[in-house]
Enquirer: 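Structure in structure tokens, see below.
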2 protein chains.
Amino acid sequence: MSPPRTATIADVAKHAGVAVSTVSYVLSGKRAISASTRQRVLDSVRALGYHPNAGARALASKRAKVIALVLPLRAGMNLPVLMQFATSVVTTARQYDHDVLLMTADEGPDGLRRVAASALVDGLLLMDVEMHDPRVPLLRQLGEPSVLIGFPADREGLTCVDLDFARAGALCADHLAERGHREIALLGAPGVVYERGTGFAERTLAGFAEAAERHGVSALTRPCEESFDEVCSAVRDLIDEHPGVSGLVVHNEAAVGHVLGALRVLGKRVPEDVSVVAICPDDVAERASPALTSVLVPAEDVGRQAVRLLMAKLDDHPVPQSTLLEPRLTIRESTK
Amino acid sequence: MSPPRTATIADVAKHAGVAVSTVSYVLSGKRAISASTRQRVLDSVRALGYHPNAGARALASKRAKVIALVLPLRAGMNLPVLMQFATSVVTTARQYDHDVLLMTADEGPDGLRRVAASALVDGLLLMDVEMHDPRVPLLRQLGEPSVLIGFPADREGLTCVDLDFARAGALCADHLAERGHREIALLGAPGVVYERGTGFAERTLAGFAEAAERHGVSALTRPCEESFDEVCSAVRDLIDEHPGVSGLVVHNEAAVGHVLGALRVLGKRVPEDVSVVAICPDDVAERASPALTSVLVPAEDVGRQAVRLLMAKLDDHPVPQSTLLEPRLTIRESTK
DNA sequence: CCTTCCTGTCGAAGCGCTTCGACGACCAGC
DNA sequence: GCTGGTCGTCGAAGCGCTTCGACAGGAAGG
């Protein structure tokens with residue numbers, strides 16, 4: 001009944017009758033090892049339930065096999081998208097045999113500095129990067145491999161991924177215009193989001209407006225708060241002032257349900273009186289009544305892509321500076 | 001222009017004119033060091049921007065200063081609560097100078113085994129533990145310090161934290177009964193949740209029913225799906241079959257908005273015709289119209305408490321087997 | 001005054017792993 | 001029959017840190 005100390009590489013080596021370094025080479029594949037020796041080592045690994053000690057490995061190899069995921073855990077974020085994103089990051093990272101350290105943005109630049117200097121992680125994934133994000137200059141200076149989700153104003157020397165929000169806005173306008181709507185409107189994020197300069201909101205607007213113009217359709221846009229009452233009066237004002245509006249785009253996940261409710265209250269039928277397109281996750285669109293035609297924010301793709309890019313950087317492979325992910329429109333019952 | 005290799009403890013020692021071990025003791029406080037020496041070392045640390053190498057520290061001290069947070073990142077979870085919880089875990093862990101490794105439950109027991117054996121983390125925080133969770137026996141066997149969020153059937157030898165859902169259910173019933181409602185109903189989670197045996201749903205039901213009985217009030221309960229149409233017909237059926245029901249408890253965050261919408265459609269005014277109490281986060285309750293009287297799921301408290309318990313275990317302090325957190329009812333506009 | 005006990009500091013021995021250089025053994029080519 | 005390469009394996013030197021035991025030097029106690 002000796003203490004069941006977890007097996008070390010030395011135990012494996014002894015068990016297999018080889019040198020420690022041989023075990024290491026079998027496991028890393030960095031040198032050729034004969035098939036018979038390899039098999040013997042692998043058997044010992046299994047027999048002893050060996051798992052390499054992460055600290056020792058990190059110390060010796062200068063690679064922690066951990067990446068940091070920095071999430072903006074302040075309120076007002078689009079939670080489901082964030083979750084999907086986090087899930088896909090973790091899952092993809094595991095495929096590359098890496099783990100994920102979760103950090104909140106509110107530890108700020110110091111947090112980045114800390115994890116980089118302590119070699120706790122090999123690279124950084126920053127989500128929700130703003131146009132003029134204070135972390136961006138630090139990131140450049142740190143020289144730690146990183147991938148940003150979102151597009152800061154100056155992308156020089158960085159690697160950025162995001163949904164192509166301009167295309168998403170355009171897709172909505174296209175869809176409505178093609179169905180013959182001549183006056184369309186976009187209900188966007190709450191005002192503060194625009195003020196913060198997050199970028200994606202503006203880009204959606206721009207794509208929407210530009211596409212509308214291309215179709216010769218009149219387009220208006222306005223921010224949209226998230227409480228039922230505010231949504232309701234916003235929708236009422238919109239319809240009062242522009243009775244010709246027959247197509248509505250909602251780019252605000254928390255508000256989509258309320259918009260439908262408001263329309264119901266105002267006696268407008270969807271899609272008979274007004275068509276509605278949402279930019280939101282599929283589950284929200286499907287849960288609504290009527291099910292909403294929607295443009296999907298491909299959070300999973302973004303996460304997967306971001307991890308891939310980071311892994312490429314860790315291997316010193318060159319990667320593109322910007323990656324834009326294509327949005328996809330799913331037609332459901334709310335447009336005609 | 002030599003490579004700006006990050007400073008090591010040896011650099012600090014040299015800079016301060018002391019031994020490496022002295023620096024270590026200053027930083028860890030594990031031995032007495034004179035004030036003057038301490039100050040000199042601290043100055044050098046700052047001057048060189050020294051951060052201890054995490055791997056080396058972990059290897060030598062057998063403590064990674066990292067805890068694993070295992071989240072159920074499958075669909076159908078209550079996202080905002082989960083997020084709040086994660087945030088509070090990260091924030092609290094940082095207060096104890098620990099970082100958080102994010103894992104998804106879908107790596108399953110092997111994932112736990114892996115991080116434990118590799119000494120990547122010092123302890124585990126498992127969220128959304130079910131009554132008969134397959135990870136529970138493994139956890140016992142692993143002997144890794146851990147804290148569970150949720151109550152499995154057999155808690156022997158474990159440490160568990162959760163909201164007191166029975167109290168939450170009771171609080172709702174109490175509130176409605178005190179206001180004179182004689183027939184009340186609870187709309188719960190989707191059917192699958194009950195089938196999965198997650199525990200919290202049943203406990204809410206039980207607390208609700210028991211409190212209603214204590215008040216001599218008739219109570220009925222039923223599961224509740226999350227699409228608008230299903231919610232709508234569920235509410236309609238309920239009211240048709242039990243026209244006397246004047247108090248409604250909604251324990252399903254995705255459905256609360258829909259319930260209000262359904263009531264509007266059915267021509268029922270809230271709170272004049274029917275009072276509604278929700279068990280959900282405050283922001284959802286506030287965003288609704290009318291603002292909902294609600295029982296808060298104290299996700300932040302749960303996270304904070306869970307980390308504290310885990311830290312205590314890491315320091316070999318004894319901790320209680322079960323911790324139940326008190327729910328809090330906030331009265332808003334939806335009940336009378 | 002000598003012993004005993006702290007206090008503050010140091011040196012050195014690991015922690016478990018990767019990786020470099022070395023070195024037999026074996027094969028091919030001349 | 002040598003030389004020169006590969007191939008497969010080994011030993012040892014760290015990686016940067018913690019921690020143990022040792023040991024000066026001074027304070028306290030007799």
Side-chain angles (χ1 to χ4, degrees), chain A residues 3 5-42 44-45 48-66 97 114-120 122, chain B residues 3 5-42 44-45 48-66 97 114-122 314:
Chain A
R5 189 186 44 98
T6 72
T8 72
I9 198 173
D11 299 328
V12 175
K14 197 174 303 169
H15 188 273
V18 299
V20 163
S21 49
T22 301
V23 175
S24 177
Y25 287 125
V26 166
L27 263 21
S28 71
K30 293 196 179 173
R31 277 197 187 177
I33 296 288
S34 68
S36 65
T37 304
R38 174 197 315 290
Q39 198 49 58
R40 208 143 28 90
V41 169
L42 258 21
S44 300
V45 165
L48 301 181
Y50 169 72
H51 285 265
N53 177 294
R57 185 222 280 295
L59 179 57
S61 69
K62 313 206 158 305
R63 290 201 160 281
K65 294 223 181 200
V66 176
D97 197 21
R114 180 176 64 83
V115 292
S118 66
L120 228 192
D122 303 325
Chain B
R5 188 185 45 97
T6 71
T8 72
I9 199 173
D11 300 328
V12 175
K14 198 175 300 170
H15 187 274
V18 298
V20 163
S21 49
T22 301
V23 175
S24 177
Y25 286 125
V26 166
L27 263 21
S28 70
K30 294 196 178 173
R31 278 198 187 178
I33 297 287
S34 69
S36 65
T37 304
R38 173 198 313 290
Q39 196 51 60
R40 209 143 29 87
V41 169
L42 258 21
S44 299
V45 164
L48 302 181
Y50 169 72
H51 285 265
N53 177 294
R57 187 223 280 296
L59 179 56
S61 69
K62 310 204 161 308
R63 292 202 158 283
K65 294 221 179 205
V66 176
D97 196 22
R114 181 176 62 85
V115 293
S118 67
L120 228 192
V121 303
D122 303 325
L314 293 184

Enquirer: Assuming nearest nucleotide by heavy-atom distance, tell me which of L59(B) and R31(B) is located more 5' along DNA chain D.
Expert: L59(B)
Enquirer: Using 0.5 Å steps for rounding, measure from the CD1 atom of I9(B) to the CG atom of L48(B).
Expert: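 I9(B) atom CD1 to L48(B) atom CG measures 12.0 Å (nearest 0.5 Å).
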Enquirer: Is the phosphate of dT19(C), meaning OP1 or OP2, less than 4.0 Å from a side-chain N or O of K30(A)?
Expert: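 K30(A) to dT19(C) OP1/OP2: side-chain N or O found under 4.0 Å.
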Enquirer: Which residue, P52(A) or T22(B), contacts DNA chain C at a nucleotide closer to its 5' end, judged by nearest heavy atom?
Expert: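 Taking each residue's closest nucleotide, the earlier one in sequence belongs to T22(B).
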Enquirer: Please give, in whole Å, the distance from dG8(D) C1' to Q39(A) CD?
Expert: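 My rounded result for the distance is 17 Å.
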Enquirer: Taking atom P of dC17(C) as reference, at what distance in whole Å does atom NZ of K65(A) sit?
Expert: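 From K65(A) NZ to dC17(C) P: 14 Å.
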Enquirer: Nearest to the side chain of I33(B), which nucleotide is it out of dT9(C), dG11(C), dT19(C)?
Expert: dT9(C)
Enquirer: Is any side-chain nitrogen or oxygen of S34(A) closer than 4.0 Å to OP1 or OP2 of dT9(D)?
Expert: yes
Enquirer: If I take atom CZ in residue R57(A) and atom C1' in nucleotide dG16(D), what distance separates them, rounded to the nearest angstrom?
Expert: 18 Å
Enquirer: Using a heavy-atom cut-off of 4.0 Å across all strands, would you classify T37(B) as base, sugar-phosphate, or nothing?
Expert: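 Touches sugar-phosphate only.
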Enquirer: Given dC17(C), dG8(C), dC17(D), identify the nucleotide with an atom nearest to the side chain of A32(B).
Expert: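 Closest of the options to the side chain of A32(B): dG8(C).
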Enquirer: Judged by each residue's nearest nucleotide on DNA chain C, which is more toward the 5′ side, Y50(A) or A19(B)?
Expert: A19(B)
Enquirer: Quick one: D11(B) CG to dG16(D) P, roughly how many Å, whole number?
Expert: 9 Å
Enquirer: In whole Å, what is the span from the CG atom of N53(B) to the P atom of dG14(D)?
Expert: 18 Å
Enquirer: At less than 3.5 Å, do the side-chain atoms of Y25(B) and the base atoms of dC20(D) form a donor-acceptor pair?
Expert: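 Indeed there is one.
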Enquirer: Select one nucleotide: of dG11(D), dG16(D), dG16(C), the one nearest the side-chain heavy atoms of T8(A).
Expert: dG16(C)
Enquirer: Please classify the nucleic acid contact of V18(A) as base, sugar-phosphate, or nothing, using heavy-atom distances under 4.0 Å.
Expert: sugar-phosphate
Enquirer: Quickly work out the I9(B) CD1 to dT19(D) P distance and round it to whole Å.
Expert: 11 Å
Enquirer: Using a heavy-atom cut-off of under 4.0 Å over every strand shown, decide if S61(A) touches base, sugar-phosphate, or nothing.
Expert: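 Touches sugar-phosphate only.
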Enquirer: Distance from K30(A) atom NZ to S24(A) atom OG, nearest 0.5 Å?
Expert: 8.0 Å
Enquirer: Taking only the side-chain nitrogens and oxygens of S24(A), find out if one of them lies under 4.0 Å from OP1 or OP2 of dT18(C).
Expert: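 Affirmative; the distance criterion is met.
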Enquirer: Quick check for you: among dC17(D), dT18(C), dT19(D), whose closest atom lies nearest to any side-chain atom of A60(A)?
Expert: dT18(C)
Enquirer: From NE2 of H51(B) over to C1' of dC17(D), roughly how many Å is that when rounded to an integer?
Expert: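 Answer to the nearest Å: 16 Å.
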Enquirer: Which value, rounded to the nearest 0.5 Å, describes the distance between I33(A) atom CD1 and S21(A) atom OG?
Expert: 8.0 Å
Enquirer: I'd like to know if R40(B) reaches the base of dG8(C) with its side chain such that a donor and an acceptor end up less than 3.5 angstrom apart.
Expert: no
Enquirer: Test your reading of the model: is there a side-chain donor-acceptor pair from R40(A) to the backbone of V18(A), 3.5 Å cut-off?
Expert: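 No; zero donor-acceptor contacts below 3.5 Å.
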Enquirer: Return the value, rounded to whole Å, for the distance between atom CG of L120(A) and atom C1' of dC17(D).
Expert: 14 Å
Enquirer: With rounding to the nearest 0.5 Å, note down the distance linking CG in N53(A) to CG in L59(A).
Expert: 10.0 Å
Enquirer: Picking from V45(B), D11(B), T6(B), what satisfies side-chain contact (heavy atoms from CB on, under 4.5 Å) with Y50(B)?
Expert: V45(B)
Enquirer: Quick check for you: among dC10(C), dT9(C), dT18(D), whose closest atom lies nearest to any side-chain atom of V20(B)?
Expert: dT18(D)
